[in-house]
Protein chains: 2
Amino acid sequence: MNLAIGDLSRRTGVKIPTIRYYEQIGLLPSPARTEGQQRRYGPDELHRLNFIRHARELGFEVDAIRQLLGLASDPGRSCGEVHDITKTHLAEVNHKIARLSALRDELEAMVACDNRRISECRIIEVLADHGECQHRQH
Amino acid sequence: MNLAIGDLSRRTGVKIPTIRYYEQIGLLPSPARTEGQQRRYGPDELHRLNFIRHARELGFEVDAIRQLLGLASDPGRSCGEVHDITKTHLAEVNHKIARLSALRDELEAMVACDNRRISECRIIEVLADHGECQHRQH
DNA sequence: ACTACGACCTCTAGCGGCTAGAGGTTCAAG
DNA sequence: CTTGAACCTCTAGCCGCTAGAGGTCGTAGT
């Protein structure tokens with residue numbers, strides 16, 4: 001297997017400039033090159049980039065991925081640390097979900113302020129007055 | 001009411017450089033100045049900045065806020081458009097929540113891959129192989 | 001009236017995580 | 001051997017701020 005950057009891009013779903021960017025920031029190693037300086041990738045890089053892409057999709061920051069990749073190369077005692085990183089990330093995700101759920105409720109209340117039933121649109125005021133639907137009193 | 005930028009910052013919870021940034025990108029109008037070029041704000045700006053802050057907290061992008069502010073000054077026929085913006089935003093939020101929920105399940109499966117029960121930590125492989133917990137077969 | 005000092009000013013550059021474009025070179029199919 | 005798609009490097013831009021340098025202003029206390 002001897003993939004050009006475009007092949008690697010197609011196989012991983014990571015855009016070409018992003019692959020080069022990952023190399024630049026040290027997330028992917030510098031690959032072999034042809035005589036004309038074109039990058040050629042093997043299965044290791046394919047695997048690693050798939051890992052990176054999936055971790056990014058899961059919302060891991062580049063720094064966290066760097067940690068995970070570092071720990072992965074030291075498989076003995078690192079397991080607990082990998083768990084810790086994942087747990088920390090899980091806590092963040094749960095927090096995000098909670099915040100977004102509150103937001104969703106608020107937005108639903110906003111669109112429920114149906115303009116057919118009231119004379120004036122209140123969404124602007126609702127936003128200005130910190131998001132409470134105020135059709136009637138209050 | 002004649003607020004210096006620091007007062008405005010304290011009252012809205014928006015940081016001073018951010019206020020100046022909002023002015024720079026045209027989200028806030030250029031305020032009155034003292035003879036020594038210091039900004040002085042009145043109640044209109046306070047109200048507008050509170051609106052902006054709340055909308056940002058709700059996850060509206062600056063462009064959307066610009067739209068909302070523009071529509072707010074044309075209150076008659078704009079109501080439906082404001083609803084549309086809000087509904088679009090709500091759909092995006094729901095989408096994010098769905099994605100994050102899937103992510104949470106995946107992360108929970110990952111941390112459930114308890115390293116006391118297995119000989120090798122699988123988190124790395126789980127991430128690499130697109131997130132399926134593969135303790136046993138597969 | 002003067003001084004001290006905190007709050008303000010402008011300007012530039014940086015952050016993360018890419019993305020886009022210019023302008024030039026290489027590879028591989030026909 | 002030619003074409004043209006794919007590659008190369010380099011620089012700059014995106015969003016939404018944030019930080020710092022280096023200098024000026026306003027006001028409280030004396």
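Numbers restart at 1 for each chain; the letters A, B, ... are given by sequence-line order, proteins then strands. Given the structure is predicted, the values throughout are model-derived calculations rather than measurements.
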Check whether any side-chain N or O of R48(B) sits under 3.5 Å from a backbone N or O of P29(B) as a donor-acceptor pair, and report yes or no. no
When the distance from CD1 of I25(A) to P of dG17(C) is rounded to whole Å, what number comes out? 7 Å
If the condition is side chain to side chain contact (heavy atoms under 4.5 Å, CB included), which residues does T12(A) pass it with, not counting sequence neighbours? L8(A), V14(A), L46(A), L49(A), N50(A)
Side chain of A4(A): nearest nucleotide among dT10(C), dC7(D), dG17(C)? dC7(D)
Value for CE (M1(B)) from CZ (R11(B)), rounded to nearest 0.5 Å, stands at 6.0 Å
Which pairs, with at least one residue in residues 88-108 of chain B and sequence neighbours excluded, count as a ring pair (Phe, Tyr, Trp, His ring centres under 6.0 Å)? F60(B)-H89(B)
In whole angstroms, the gap separating P of dC9(C) from CG of L8(B) amounts to 11 Å
Atom CG of L28(B) and atom C1' of dG16(D) are separated, to the nearest Å, by 14 Å
I need the OH-P distance between Y21(B) and dT18(D), as an integer number of Å. 10 Å
Can you identify which nucleotide, out of dC9(C), dC7(D), dC18(C), has its nearest atom closest to the I5(A) side chain? dC7(D)
Pairs under 3.5 angstrom, nitrogen or oxygen only, protein versus nucleotides 22-26 of chain D, please.
residue	atom	partner	partner atom	Å
dG26(D)	OP1	T34(B)	OG1	2.8
dG26(D)	OP1	G36(B)	N	3.4

Can you name the atoms? Protein N/O to nucleotides 20-24 of chain C N/O, anything below 3.5 Å, with the distance.
none

Holding to side chain to side chain contact (heavy atoms under 4.5 Å, CB included), I want the full list of residues that pass it with K15(A), two or more places apart in sequence or in another chain. P17(A), T18(A)
Is there a side-chain contact between Y22(A) and the phosphate of dC18(C), meaning an N or O under 4.0 Å from OP1 or OP2? yes
Distance in angstrom units between E61(A) CD and dC15(C) P, rounded: 15 Å
To the nearest 0.5 Å, what is the distance between CZ on R56(A) and OH on Y22(A)? 5.5 Å
Under a 4.0 Å threshold between the charged nitrogen and the carboxylate oxygen, would E23(B) count as salt-bridged to R33(B)? yes
Spacing of R56(B) atom CZ relative to dC15(D) atom P, expressed in whole Å: 12 Å
When rounded to whole Å, the CZ to C1' distance for the pair R33(A) and dT25(C) reads 13 Å
Sugar-phosphate, base or nothing in reach of I16(A), heavy atoms under 4.0 Å: sugar-phosphate
Any donor-acceptor pair under 3.5 Å linking the side chain of R39(A) with the backbone of S30(A)? no
Across all chains, not counting sequence neighbours, the side chain to side chain contact (heavy atoms under 4.5 Å, CB included) partners of R40(A) are N2(A), A4(A), T34(A), Q38(A)
Flag the pair D84(B) and K87(B) as a salt bridge only when some basic side-chain nitrogen lies within less than 4.0 angstrom of an acidic carboxylate oxygen. no
For dG16(D), take OP1 and OP2 only and decide whether either is under 4.0 Å from a side-chain N or O of R53(B). no
OP1 or OP2 of dT9(D) less than 4.0 angstrom from a side-chain nitrogen or oxygen of R39(A), does that happen here? yes
Upstream residue (5' side of DNA chain D) when Q24(A) and D7(A) are each assigned their closest nucleotide: D7(A)
Would you mind reading off the distance between E57(A) atom CD and dG17(C) atom C1', rounded to a whole angstrom? 15 Å
